[in-house]
Trainee: 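First the structure, then my questions, so here it is.
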Amino acid sequence: MASGWFWRRKSTRKLVVDGTEIEKLVEDKEAFSSYVEHKFEELDRDHDGKLSVRELQPVVADIGAALGLPAVGSSPDSDHIYTEVLSEFTHGKQEKVSKSEFKEVLSDILLGVAAGLKRDPIVILRIDGADLREFVESPRFETEAVAIFSGVESSGSTLRTCLTAGLGQITVENGMPPASDAWVSSNVVEPALQSFSIDVLEMAASQEAFLDHFKKLLCEIVQRLQKRPVIVAHSENTFDGSGIRRLLANKFELGKLLDEAWKDLPKDRHHKVSTEFLRIALDKMAASADLPPFGAVSQVDDVVDEASKMVNADEGKLVNEEEFQQLMKEILGCIMLQLEGNPIFVSSNSVVHETLNSPSTLLPPSMAIPQVG
């Protein structure tokens, strides 16, 4: 998912990436046409009025960065998505793309990103120690600290081990950035632990010692966060099948999506499609079914794989359009039933280490992308 093209301010320490500005840009026909005109001229290096696959590569790379993907060549999964994005522009076969085609596909992609962010906004938190200090000074701190110590495997453990494990139990809701993040560990947690002597850290942990030193440790972290706040991108989503149920109930939208998916799939001389491409078709419909892109959530990928096996869609046989549509409906139905019975909740907190100011060929300078790592 995108680490954030457009931010909407909610408070002095909290921002929400919700796609609002993307929609505004695309829906303002005059502004979007001007935007596309300018970008097309930049990309059209040979000035032939069309974009070659090579000239489209910077666009594909920028879209990948906006989706939070690693660079091309980093992994087969992300490379598959880059290939799909390029295929959207070229329709899988064209060598050149006209300005009108570029505008149409770019509009669809941007609106898709906006829809995803509107459905699952990303909260950008500026963690500066204020919330953590409030937590430490609150009446509930001792109760929660005791519960944390009880949950830590403390028998025979050193105080350092228990303190480190305890930090992993303090969440962003309490004002603590993810202690497991390498940057946070190196620049916040370890320096704070070094404020204690080796003898103290290596002593046997007791509840009393843990409570005393855990509070001191958090206060030390507060001071460090005050001097150098940490930016965290927080997102959460529940996949419960409700989006699929809505889509299946909307016959018009479902039919339109199936028609579009069918048109883009490679066919043999008998105008049939191998069922091995059904996953690609499903991926194209994912946003409308409130499903994540393939590879984004492993638990959902497992559900999709199981649904494909249940309807024998993984055998690689050839199907015509009518059979294709029936199989897609059956797969969606199976996924829906599994998610309704066992919803999948996904929550993540990623540290935003810096804002990129790279020379983007697609995004305006004012739409810098935070690098999430």
Trainee: Okay, side chain of Thr275, backbone of Lys317: is any donor-acceptor separation there less than 3.5 Å?
Mentor: yes
Trainee: Rounded to the nearest 0.5 Å, what's the gap from SG on Cys162 to CG on Leu167? Could you check?
Mentor: 11.5 Å
Trainee: The criterion is side chain to side chain donor-acceptor pair (under 3.5 Å); which residues satisfy it with Ser33, sequence neighbours excluded?
Mentor: Lys103
Trainee: Over all heavy atoms of both residues, which pair between Pro229 and Arg126 is shortest? Give the atoms and the distance, please.
Mentor: CG-NH2, 3.4 Å
Trainee: Does a side-chain N-to-carboxylate-O contact under 4.0 Å join Asp48 and Lys50?
Mentor: no
Trainee: Give me the ring orientation class for Phe214 and Phe210: parallel if the planes are under 30° apart, tilted from 30 to 60°, perpendicular past 60°.
Mentor: parallel
Trainee: Answer yes if Leu86 and Phe40 sit in the same cluster of Ile, Leu, Val, Met, Phe, Trp and Tyr residues linked by side chain heavy atoms under 4.5 Å apart, and no otherwise.
Mentor: yes
Trainee: Using the side chain to side chain donor-acceptor pair (under 3.5 Å) criterion, which residues pair with Gln169? Sequence neighbours excluded.
Mentor: none
Trainee: Can any side-chain N or O of Asp283 pair as donor or acceptor with the backbone N or O of Pro293 at less than 3.5 Å?
Mentor: no
Trainee: Decide if atom CZ of Arg54 counts as having more than 12 heavy atoms of other residues, nucleotides or ligands within a radius under 6.0 Å.
Mentor: no
Trainee: Suppose we screen for side chain to side chain contact (heavy atoms under 4.5 Å, CB included). Which residues come up paired with Lys284, at least two apart in sequence or across chains?
Mentor: Glu84, Glu88, Asp264, Ile280
Trainee: What do the steps show when you test Ser107 against Glu104 for side-chain hydrogen bond (donor to acceptor under 3.5 Å, both in side chains), and what is the final call?
Mentor: CA-CA 5 Å; Ser107 172; Glu104 180 182 357; over 6 Å; no
Trainee: Just verifying a value: how many Å separate Leu43 CG and Glu55 CD, rounded to the nearest 0.5 Å?
Mentor: 7.5 Å
Trainee: Kindly write out the residues that satisfy ring-ring contact (aromatic ring centres under 6.0 Å, His included) with Phe135, not counting sequence neighbours, or none if the list is empty.
Mentor: Phe141
Trainee: Verify the cluster assignment for Val105 and Leu25: are they in a single hydrophobic cluster under the rule of side-chain heavy atoms below 4.5 Å apart?
Mentor: yes
Trainee: Nearest 0.5 Å, please: how far is NZ in Lys263 from NZ in Lys267?
Mentor: 10.0 Å
Trainee: With a 4.0 Å cut-off, would you call Asp305 and Arg279 a salt bridge?
Mentor: yes
Trainee: For Lys216, is there an ion pair with Asp212 - N to carboxylate O distance below 4.0 angstrom?
Mentor: yes
Trainee: Under a plain distance cut-off of 3.5 Å, with no hydrogens placed, do Glu144 and Asn174 share a side-chain donor-acceptor pair?
Mentor: no
Trainee: Sequence neighbours excluded, which residues qualify as ring-ring contact (aromatic ring centres under 6.0 Å, His included) partners of His271?
Mentor: Trp262
Trainee: Indicate if Phe32 and Leu51 have the same hydrophobic cluster label, given that clusters are the connected sets of ILVMFWY residues with side-chain heavy-atom separations under 4.5 angstrom.
Mentor: yes
Trainee: Among all residues two or more places apart in sequence or in another chain, which pass the side chain to side chain donor-acceptor pair (under 3.5 Å) test with Ser186?
Mentor: none
Trainee: Please determine whether a side-chain nitrogen of the Lys or Arg among Arg246 and Asp290 lies less than 4.0 Å from a carboxylate oxygen of the Asp or Glu.
Mentor: yes
Trainee: What's the verdict on side chain to side chain contact (heavy atoms under 4.5 Å, CB included) for Leu217 and Val189, showing C-alpha distance, side-chain angles and the deciding distance?
Mentor: CA-CA 9 Å; Leu217 176 61; Val189 175; over 6 Å; no
Trainee: Give a yes or no on whether a salt bridge exists between Lys96 and Asp46, defined as a side-chain N under 4.0 angstrom from a carboxylate O.
Mentor: yes
Trainee: Would you indicate whether Phe252, at its atom CZ, is surrounded by more than 12 heavy atoms from other residues, nucleotides or ligands within a distance under 6.0 Å?
Mentor: no
Trainee: Would you find more than 12 non-hydrogen atoms of other residues, nucleotides or ligands less than 6.0 Å from Glu23 atom CD?
Mentor: yes
Trainee: Under a 4.5 Å cut-off applied to non-hydrogen side-chain atoms, are Phe196 and Leu159 in contact?
Mentor: no
Trainee: Can you list every salt bridge (charged side-chain N to carboxylate O under 4.0 Å, His left out) pair that touches residues 332-350, not counting sequence neighbours?
Mentor: Arg245-Glu340
Trainee: Will you find, in the side chains of Asp240 and Ser242, an N or O donor that is under 3.5 Å from an N or O acceptor?
Mentor: yes
Trainee: Would you please name every residue forming a side chain to side chain contact (heavy atoms under 4.5 Å, CB included) with Arg133, sequence neighbours left out?
Mentor: Ala130, Glu137, Val222, Gln226
Trainee: Test side chain to side chain contact (heavy atoms under 4.5 Å, CB included) on Asn320 and Phe324 and set out the steps.
Mentor: CA-CA 6 Å; Asn320 59 30; Phe324 160 78; over 6 Å; no
Trainee: What residues, two or more places apart in sequence or in another chain, satisfy salt bridge (charged side-chain N to carboxylate O under 4.0 Å, His left out) together with Lys24?
Mentor: Glu21
Trainee: Under the 3.5 angstrom rule, does the side chain of Ser195 hit a backbone N or O of Pro191 as a donor-acceptor pair?
Mentor: no
Trainee: Going by distance alone, is a donor N or O of one side chain under 3.5 Å from an acceptor N or O of the other, for Thr164 and Thr161?
Mentor: no
Trainee: Would you tabulate the side-chain donor-acceptor contacts of residues 328-339 under 3.5 Å, counting partners in other chains and residues two or more places apart, or write 'none'?
Mentor:
from, atom 1, to, atom 2, distance (Å)
Glu330, OE2, Gln326, NE2, 3.2

Trainee: Can Glu253 and Lys256 be counted as an ion pair, charged N to O under 4.0 angstrom?
Mentor: no
Trainee: How long is the gap from CD1 on Ile244 to CG on Leu254, to the nearest 0.5 Å?
Mentor: 11.0 Å
Trainee: Without hydrogens or angle criteria, can the side chains of Ser34 and Glu37 be said to hold a donor-acceptor pair below 3.5 Å?
Mentor: no
Trainee: For the residue pair Glu208 and Ser206, confirm or rule out a side-chain donor-acceptor distance under 3.5 Å.
Mentor: no
Trainee: Considering residues at least two apart in sequence or located in another chain, which fulfil the side chain to side chain donor-acceptor pair (under 3.5 Å) criterion with Glu323?
Mentor: none
Trainee: Supply the atom-to-atom distance Glu173 CD to Thr171 OG1, rounded to the nearest 0.5 angstrom.
Mentor: 4.0 Å
Trainee: Tell me, which pairs form a salt bridge (charged side-chain N to carboxylate O under 4.0 Å, His left out) where one or both residues lie in residues 26-35, sequence neighbours left out?
Mentor: none
Trainee: Working to the nearest 0.5 Å, report the span between CD of Glu276 and OG of Ser308.
Mentor: 12.5 Å
